[in-house]
Amino acid sequence: MNTLSMLLNGGSGTTGNGGGTAIFTIVYIVIFIAIIYFMMIRPQKKQRAKTEQMHNQMAPGDNIMTTSGFYGTILDIVDDTTIIVEFGNNRNCRIPMHKNAVAELEKQESAVEKDKEK
């Protein structure tokens with residue numbers, strides 16, 4: 001018997017079991033890829049879409065929280081990536097920021113509605 005075929009078949013003299021293990025291996029690979037997709041890639045896409053929607057809804061006057069935990073109010077949207085934010089009670093603290101630094105957004109209308117409920 002050929003030495004290579006013996007190594008591929010696990011050292012046995014039969015040659016009929018090679019196709020079954022290949023299909024079994026392919027099924028495992030497909031299952032592993034599906035698990036990776038549903039556990040990692042799909043949630044990342046959902047989070048990215050949610051963040052993109054939040055960035056598109058930003059408007060001057062909205063309250064934000066940055067990724068570093070600072071609360072502020074959007075004064076102006078300069079371009080697609082830059083906003084000017086005012087922090088704290090000191091009206092002189094105006095800082096240009098990248099939109100990706102915004103972690104949470106509270107629309108101006110929702111803040112007014114909360115005040116009316118009280």
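- Residue pairs meeting the ring pair (Phe, Tyr, Trp, His ring centres under 6.0 Å) criterion with at least one partner in residues 60-99, sequence neighbours excluded, are absent.
- Side-chain contact between I83 and I77: present, with at least one pair of heavy atoms (C-beta onward) separated by less than 4.5 Å.
- The other residues sharing a hydrophobic cluster with V30 are I26, where clustering joins ILVMFWY side chains under 4.5 Å apart.
- In terms of the side-chain contact (heavy atoms from CB on, under 4.5 Å) criterion, residue partners of Q53 (sequence neighbours excluded) are, by chain and number, Q57.
- For T25, there are no side-chain hydrogen bond (donor to acceptor under 3.5 Å, both in side chains) partners at least two apart in sequence or on another chain.
- I74 is not listed as a side-chain neighbour of V102, based on a closest heavy-atom distance of 4.5 Å or more.
- For N92, the side-chain contact (heavy atoms from CB on, under 4.5 Å) test picks out N90, with sequence neighbours left out.
- The side-chain hydrogen bond (donor to acceptor under 3.5 Å, both in side chains) search around D79 returns T81, T82, not counting sequence neighbours.
- Within the model, atoms CE of M54 and CD of E104 stand 8.5 Å from one another, a figure rounded to the nearest 0.5 Å.
- Listed by first then second residue, pairs satisfying salt bridge (charged side-chain N to carboxylate O under 4.0 Å, His left out) with a partner in residues 53-78 read D62-K107, not counting sequence neighbours.
- Among residues two or more places apart in sequence or in another chain, the salt bridge (charged side-chain N to carboxylate O under 4.0 Å, His left out) test is passed with R94 by E86.
- Put simply, M97 and M58 are part of the same group of oily side chains (I, L, V, M, F, W, Y) that touch within less than 4.5 Å, one to the next.
- Applying the ring pair (Phe, Tyr, Trp, His ring centres under 6.0 Å) test to residues at least two apart or on different chains, the pairs with a partner in residues 27-67 are F24-Y28.
- Counting side-chain heavy-atom gaps under 4.5 Å among Ile, Leu, Val, Met, Phe, Trp and Tyr, the cluster of I33 also holds I29.
- Pairs passing the salt bridge (charged side-chain N to carboxylate O under 4.0 Å, His left out) check and including a residue from residues 36-55, sequence neighbours excluded, do not occur.
- Follow the hydrophobic side-chain contacts under 4.5 Å out from L105 and you never reach V78; the two are in separate clusters.
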